[in-house]
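Report on the structure given below.
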Amino acid sequence: MSQAEVRPTNFIRQIIDEDLNSGKHTNVHTRFPPEPNGFLHIGHAKSICLNFGIADDYQGQCNLRFDDTNPEKEDIDYVHAIQEDVKWLGFNWDGEVRYSSNYFDKLFEYAVELIQAGKAYVCFLNAEETREYRGTLNKPGKNSPYRETSIDENLALFNKMRDAGFADGECCLRAKIDMTSSFMCMRDPVIYRIKRAHHHQTGDKWCIYPMYDFTHCISDAIEGISHSICTLEFQDNRRVYDWVLDNISIDCRPRQYEFSRLNIEYTMMSKRKLNALVTENHVSGWDDPRMPTIAGLRRRGYTAASIREFCKRIGVTKQINTIEMGMLEACIREDLEDSAPRAMAVLDPVKLVITNYSENQTEQLIAPAHPKLDMGTRTLPFSRELFIDRADFREEANKKYKRLVLGKEVRLRNAYIVRADDVIKDDAGNIIEIHCTYDDETLGKNPSDGRKAKGVIHWVSAADAVDAEVRVYDRLFKIEDPASVETLEEALNEESLVVIKTAKVEPGLVAAQPASAYQFEREGYFCADSKDSTADKLVFNRTVSLRG
């Protein structure tokens, strides 16, 4: 298969092909430029796979750059988490990690250059006045009374801003573009504001910080980016991007291209709202396994390969749409089907006593670690007293019920056929023991008389089982579009986390390493929690059910 056949295709790759074929570019240089004001979510994963994937396929470069222009909302912990996420997804950036703050001195010089050209001015309108002067979508704005301040005075005022001569919010630097533009972003946007805030990279060197729209395009140009790829909400802002680069003396001229952002049912991609979930304690943190963050998905048991495959399947277009959660779940099921060893776990145990099995006898049964792949074997202790799942037994049932029924037979996974003979109940009528007999000729084979058990259930030896906490995760929101309601509380799913403290698991799982994945037979895919699970206290997270 040729390289062209292997590569995915989309409109951005078609643009790059045309640019390379025409000689407009001889090298492809992309970047992934997150703001370090929160953890990355799966929407960012789509951008990561696109930008780094393009660089890999075209033998180009992709930078990791933090657009760190708002120190009040940023944190060095976010910087570290984002780097970890990119690496975990399987990508490496070109050279050192970059920061827009590396270019603050140069950005200041370009702002001065705009002032000297009569294309930027210091404005003293307050927030309310600025909104009034800006106009609306149906009404043009009007010029600020400070718009025609002389160049020399604007230079002096801007230097005074830099030297902490004004209070926070007292004034700002605005680009002089067009207050009557039909695009709101072009109505003399703010390009510098006063903000006395400690910056995680530059410390207290600056009390003025450039705005994102001013910083982003210049940072791209400084780094020699050939194709600046972003999501559709920045489509209108491309006009500011182009205007800034057209009006400063910079050699490189990147172009911006937009694609549709990722929307998934039953979740949200607003970093502001995800932050609210954390700060309002609706979740345990940014890495809560219910969160759509890369860290949360990783802790839940999603693999990097499954997320990359998901991003590949959804493709890259300009069409705004919402992806079914089932598509993401299908990707992790397919990946874990071929990579996760099997294990038995009983989440709601009830004791099963094999009355014709010797009290002192224990067998060590050998079972495959995977039914189809060569992953070796595991040893399962088998004894007179077992635990089975309460839902796997009924005193009476119709023919559709394929599990254990009083007076009928079922096979124990990797073991014998048993017949339920009796039950013992407590004073409240709850079954506390199921008494069975087993056929000792049915280990690994059917009975010689031709009868065949209609169902198979899982089990663990009562004497050898290990206690575990199992966290059954479901969708965090109960409605498809949680952003459609006024408050987060209205959309939250109260059953998004069910903690089971009664689970009994096969003894080999005591060696489960943090983040290791298993298929709990007949239950779903689970992983050992990367933060809380230890040999002394096993904690497993449900990644996904067996079927959608």
Side-chain angles (χ1 to χ4, degrees), residues 1-35 40-67 82-98 100 216-235 237-238 241-242 245 252-263 269 294 304-321 323 331:
M1 185 177 289
S2 70
Q3 187 179 40
E5 290 173 317
V6 172
R7 286 181 183 173
T9 184
N10 54 60
F11 76 97
I12 291 178
R13 288 174 178 266
Q14 290 168 1
I15 290 170
I16 292 173
D17 289 338
E18 292 172 4
D19 289 346
L20 293 174
N21 291 335
S22 69
K24 179 179 179 180
H25 293 292
T26 57
N27 181 58
V28 174
H29 200 157
T30 60
R31 81 289 171 271
F32 175 61
E35 299 173 64
L40 299 182
H41 53 62
I42 194 167
H44 294 110
K46 177 180 178 180
S47 181
I48 291 170
C49 291
L50 177 60
N51 280 287
F52 284 94
I54 284 173
D56 287 345
D57 287 348
Y58 288 92
Q59 290 80 53
Q61 298 85 42
C62 183
N63 297 350
L64 173 61
R65 181 183 74 235
F66 291 97
D67 279 342
I82 289 169
Q83 291 182 62
E84 181 181 356
D85 286 345
V86 173
K87 289 179 180 177
W88 178 78
L89 279 172
F91 298 104
N92 295 302
W93 50 86
D94 184 61
E96 298 294 322
V97 173
R98 295 165 170 84
S100 289
H216 183 75
C217 56
I218 296 176
S219 299
D220 279 353
I222 289 172
E223 294 179 5
I225 301 305
S226 60
H227 298 83
S228 178
I229 305 167
C230 61
T231 46
L232 277 175
E233 65 263 35
F234 294 101
Q235 185 170 248
N237 299 65
R238 176 168 21 104
Y241 188 105
D242 291 340
L245 295 182
C252 182
R253 187 60 172 79
R255 297 290 175 182
Q256 177 176 302
Y257 304 95
E258 306 90 14
F259 65 96
S260 61
R261 66 180 297 167
L262 174 60
N263 299 301
M269 302 297 170
I294 296 174
S306 70
I307 294 176
R308 292 195 304 268
E309 176 62 22
F310 172 70
C311 292
K312 178 182 177 181
R313 290 185 186 182
I314 61 177
V316 178
T317 70
K318 282 184 171 286
Q319 182 179 355
I320 299 173
N321 58 3
I323 306 298
C331 290

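Predicted, not measured: the structure shown is a model, and the values here were computed from it. Hydrogens, waters and symmetry mates are skipped; everything else that's a heavy atom, side chains included, is used.
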Worksheet item: Between H44 and F32, how do the two ring planes meet: parallel, tilted or perpendicular, split at 30° and 60°?
Response: perpendicular
Heavy-atom side-chain proximity of [X] to [Y] below 4.5 angstrom:
X	Y	answer
D85	I48	no
H216	S228	yes
F52	V86	yes
D242	R253	yes
K46	M269	no
F91	L64	no
R65	P33	yes
N263	I320	yes

Gap between atom [atom2] of [Y] and atom [atom1] of [X] - 0.5 Å precision:
X	Y	atom1	atom2	value
L262	N321	CG	CG	8.5 Å
R13	I15	CZ	CD1	12.5 Å
L89	C311	CG	SG	7.5 Å
I218	C252	CD1	SG	12.5 Å
D67	S100	CG	OG	3.5 Å
T231	F259	OG1	CZ	6.0 Å

What are the two closest heavy atoms between [X] and [Y], and how far apart are they?
X	Y	result
K318	L232	O-CD1, 3.2 Å
T317	Q319	OG1-N, 3.1 Å
F11	V316	CD2-O, 3.9 Å
L245	C217	CD2-O, 3.7 Å

Fill in: T30 side-chain N/O to C62 backbone N/O, donor-acceptor pair under 3.5 Å
no
Item to complete: Take N51 and W93, measure what side-chain contact (heavy atoms from CB on, under 4.5 Å) needs, and give me the verdict at the end.
Response: CA-CA 10 Å; N51 280 287; W93 50 86; over 6 Å; no
Practice prompt. Please say whether more than 12 non-hydrogen atoms of neighbouring residues, nucleotides or ligands are located less than 6.0 Å from NZ in K87.
Written response: no
Worksheet item: Counting heavy atoms not belonging to E233, are there more than 12 under 6.0 Å from its CD?
Response: yes
Item to complete: Could you give me the CA-CA distance, side-chain angles and deciding distance for Y257 and I16, then say whether side-chain contact (heavy atoms from CB on, under 4.5 Å) is met?
Response: CA-CA 11 Å; Y257 304 95; I16 292 173; over 6 Å; no
Item to complete: Determine, for R255 against D220, whether the closest basic-nitrogen to carboxylate-oxygen distance falls under 4.0 angstrom.
Response: no
Worksheet entry | D94 bridged to R31 by N-O distance under 4.0 Å | no
Worksheet item: With a 3.5 Å cut-off and no angle check, do the side chains of Q256 and N237 form a donor-acceptor pair?
Response: no
Discussion item. Side chains of H29 and N63: any donor to acceptor distance under 3.5 Å?
Written reply: yes
Worksheet entry | All side-chain contact (heavy atoms from CB on, under 4.5 Å) counterparts of E309, not counting sequence neighbours | K312, R313, C331
